[in-house]
2 protein chains.
Amino acid sequence: MKMNDRKKKVLAAIIQDYIQTAEPVGSRTISRKYKLGVSPATIRNEMADLEELGFIEQPHTSAGRVPSDIGYRYYVDYLMEPEQLTPDQEELIESSYKDKSQEIGRIITRTGQLLSRMTNYTSMVMAPRREKTASIKHIQLVHMMPTQAMVIMVLDTGVVQHQLIEVAENITQADLEQVSKVLNAKLSGLNMERIKLTILSEIYLEMAKYRTFMDVALELLHEQQEAASEEKIYLGGLYNMLNQPEFHNIEKVKTLLSLLEQEKMLQEILLDKKHDGISVRIGVENNCDQIKDCTMVTATYQLDDQVLGSIGVLGPTRMEYAKVITIVDHMARILNKVMDK
Amino acid sequence: MKMNDRKKKVLAAIIQDYIQTAEPVGSRTISRKYKLGVSPATIRNEMADLEELGFIEQPHTSAGRVPSDIGYRYYVDYLMEPEQLTPDQEELIESSYKDKSQEIGRIITRTGQLLSRMTNYTSMVMAPRREKTASIKHIQLVHMMPTQAMVIMVLDTGVVQHQLIEVAENITQADLEQVSKVLNAKLSGLNMERIKLTILSEIYLEMAKYRTFMDVALELLHEQQEAASEEKIYLGGLYNMLNQPEFHNIEKVKTLLSLLEQEKMLQEILLDKKHDGISVRIGVENNCDQIKDCTMVTATYQLDDQVLGSIGVLGPTRMEYAKVITIVDHMARILNKVMDK
DNA sequence: GTTAGCACTCTTTTATAATGAGTGCTAAAC
DNA sequence: GTTTAGCACTCATTATAAAAGAGTGCTAAC
C-alpha cells in the first residue's frame, strides 16, 4: 500500500486535531472540520489503511484514532509545514537578550525560561561544557585566611573556576603572587591534557620551595576539571507539563520527575544525538523508558565548530511540532550568536 | 476546658496515627492501638472536647478525626518527643561531607540531597547570601579577547564573582595588571557600601588614564553585587512529595509547583522568620496560600553571628515532625561548622 | 471509487442500592 | 462523677445495573 495524497491529508488532519484536542479523533470530525470533500465513510476507509501502515492506532474498538510514534515521525518528516515566529515572539526574545547581563549562567537561565514560556513545555538547557581542549587564560591565587587560599582559574572559554585550598600557615599573599606569576608563565595558553603530561616536572624544578603547596593546587585543579564536566542543566516550565492532559495521571508525573531529578540521565539524553543541528526524538525513539511517550526536541550550540552544549524542549508526543521546532532552532541560533561574542 | 493528661495522650495518639496512615483516625483505633486503658466511648468523649478546643476536626460526620494546624502546633510545642539521629543517619551525613570538595556550590547541593533523602520530603537550601558587609579580598582583571576582559572579584566570604566586560581595543594584559594592582590597593578589605561612597573619586584621580574603563568596571561590579543578591536556591526531592497521598491530587501538585518555580517567592518564604535557629511553620502559619496545607521546617546557618542563608524542608502538614526537626537542626549545625572553616 | 445505512462494540455516564466506618446520645454500670 | 455498652443515625465509598454515546466495519446501492 502506498501513501497517496488523500491519505497524507487525512493523516495530517488527524494529527493536527489530536494535537489540539488530545482526544481520539473520528472520521466524522475529520470530514466536518477539515474540508477534504469526502464523506466520513471514505475517511474511515483511509483510516483503516493508515492503521494498517502503522501511522495511527485505536485505543479501543469504538474510539477514534490516535497517532502512533511512527505517524508523528511521518508528519514531522513529510507533512508538517514549518512555522514562522510571530512578531510578538521575535520581540520577546529580542528584549530578553538586549541590554542584559552577559554572564553565562544568566544567559542559560534566561534561555530556559524563554523556551518553556514560549512553548508551554518543559525546557532543558545545558550550560557550556568545557572540553578538554579549553585552555587556561589566567591563574590567580588569593590568600584568604591563615591557612587557606583560593585558586582561581580563567579559561579561554570565559568560564571561571575557583576552589579553596589549605596552605601552610607561613605562606603570605606575596608568596602566592609569586606562585601565580610562575603558574601563569608556564600554564597559560595550555589545555589540561598538555599540562598533565609535560609541564609538571618543569614547574617542580623551578618551584622547589613551594613544592608541596603546588602539589595540592594542581591536584585540585585537576579534580575541579573532572567535576566540572558534570554540566549543570537548567530545567524550567515543569509546571507547564501538568497542564497537559497526558499528565493528569500522577504516575506519569512521577516517572517523569524521577528522571528529571537525575541530572546524569538528563545529560545523556540531552547529548544523545548523532548530528549537530536540530533533532526530534519521538516517543520510543528516546532510548529511555521513562519518557517513552514524550517527545524531545533538541539542538546544539557551538563555538567555532565545537559543540558547547545543547538545549531542548520536552513535551508529550502530542506536541505542537511545527511551533516547537521553529522555536528551538531559533533559540539555538541565538545562543550561537551570543557565544560568538 | 483544660488539657488534662489523658487529653494530651489522645491528641498525641491521633496525630501519630494520622502521620502514619494519612487516614482520619477513629475512637476505636485509638483505644485498640494505643493502650490508654479506656474504651472507645471514653475516647469519643475526649475527642469531642479536643474538637471543641480546635485541635482536631472531622472531614465529615461519619469520619474519624484529623489534626488541625492548631493541633499540630500544640503537638510540636508540648507533646512531641525529640528524636535522636540513628547511627545510620549519622554515618550517611558523615560520609557525605568527608573528603569531598569544599566548593560552596557542591556543599549546598549535597546538603539539599541529604535533606530530601533523609526526610523524604522536598528540601530547599539557600546558598550563602553575600551581605553588603562582605568585603573585597582581591580583584583581578584578565584580558580575554581584543575587546574583552574579565573582572574577577573574590570576597572574604569565599564567594567568587566574575563578569565579562568590553574594553578598548588597545588595552593589554599589562594595562590590566596595573589596574588590578591599583584596585587591589584601594579596595581590598572594603565593603560595597564604603566603596560606593568614598573611594571612587580617589581612584579616579589616580587612574585618569583608565578612567572610562574604570567606569565600566565599577558599574558592573555594582550591578553584579545587586544581581547576586538573588540567591540561588537548591530544590530537591520533589519526587518524594508525589508519594505523599495528599499530593495524589494533580491540582495540589500544580499549586505547589507554581510556587516552587518562582525563586523569588521561595526566597521570601525561606527567610520569613523572626528568630535565628529552627523554625516550624505549620499550614496557614506560612503566609502563603499555595502552601497552606504544608509545613515548612527551616533553620538558618551563619558565620560569626551573621546569617548567611537558610535551609528547609517542605512537606505536608502531616509531617514526621520529630524526625524532620532533628534532621534540619543537625544539618544546619553542620553547615555552620563547614562555613566556619 | 464513494457513500448511506445499520448493527455492533466498548467506554462513559447516570441512577440506585448496599456496605461500612464512625459518631453522638442515652442509660446502665462502676 | 466517670466510664462504657448499646444503638440509631450520617455520610462517604463501593458495587451493580442500566442507559447513553461515540465510532467503527461492513454491506449494498449509487
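Naming: A, B, ... by sequence-line order, numbering from 1 per chain.
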Does any pair with a residue in residues 113-122 of chain A pass side chain to side chain donor-acceptor pair (under 3.5 Å), and if so which ones, sequence neighbours excluded? none

If you check the R44(A) side chain, which of dT4(D), dC26(D), dT3(D) turns out closest? dC26(D)

side-chain hydrogen bond (donor to acceptor under 3.5 Å, both in side chains) partners for D329(B), two or more places apart: R333(B)

Listed in order of residue number, which residues of residues 52-66 of chain B have a non-hydrogen atom at under 4.0 Å from DNA chain C? Q58(B), T61(B), S62(B), A63(B), G64(B), R65(B)

Residues forming a salt bridge (charged side-chain N to carboxylate O under 4.0 Å, His left out) with R6(B), sequence neighbours excluded: E46(B)

What's the CG-C1' distance between N4(A) and dT2(C), to the nearest Å? 14 Å

Please identify each residue that fulfils side-chain hydrogen bond (donor to acceptor under 3.5 Å, both in side chains) with Q244(B), with sequence neighbours left out. R318(B)

List for me each residue that meets ring-ring contact (aromatic ring centres under 6.0 Å, His included) alongside Y74(A), sequence neighbours excluded, and say none if there are none. F55(A), Y78(A)

With distance as the sole test, does N286(A) use its side chain to make a donor-acceptor pair with the main-chain N or O of I269(A) at under 3.5 Å? no

Atom pair distance, as rounded to whole Å: CD in E46(B) and C1' in dT23(C): 16 Å

Just to be sure I understand the geometry, which residues of residues 10-39 of chain B put a non-hydrogen atom under 4.0 Å away from DNA chain C? G26(B), S27(B)

Once you round it to whole Å, what is the distance between P of dG25(D) and CE of M47(A)? 8 Å

Please produce a list of atom pairs where a protein N or O lies less than 3.5 Å from an N or O of nucleotides 28-30 of chain C.
none

What is the distance, rounded to the nearest whole Å, between atom CG of D49(B) and atom P of dC25(C)? 12 Å

Taken in chain and number order and not counting sequence neighbours, the residues that satisfy ring-ring contact (aromatic ring centres under 6.0 Å, His included) with Y72(A) are Y321(A)

With sequence neighbours excluded, what pairs up with K33(B) under the salt bridge (charged side-chain N to carboxylate O under 4.0 Å, His left out) test? D17(B)

T111(A) meets the side-chain hydrogen bond (donor to acceptor under 3.5 Å, both in side chains) criterion, sequence neighbours left out, with Y97(A)

Is a salt bridge present between K9(B) and D5(B), judged by a nitrogen-to-oxygen distance below 4.0 Å? yes

Can you check the N45(B) CG to dT2(D) P distance for me, whole Å? 11 Å

Hits for ring-ring contact (aromatic ring centres under 6.0 Å, His included) against Y239(B), two or more places apart or cross-chain, chain-then-number order -> none

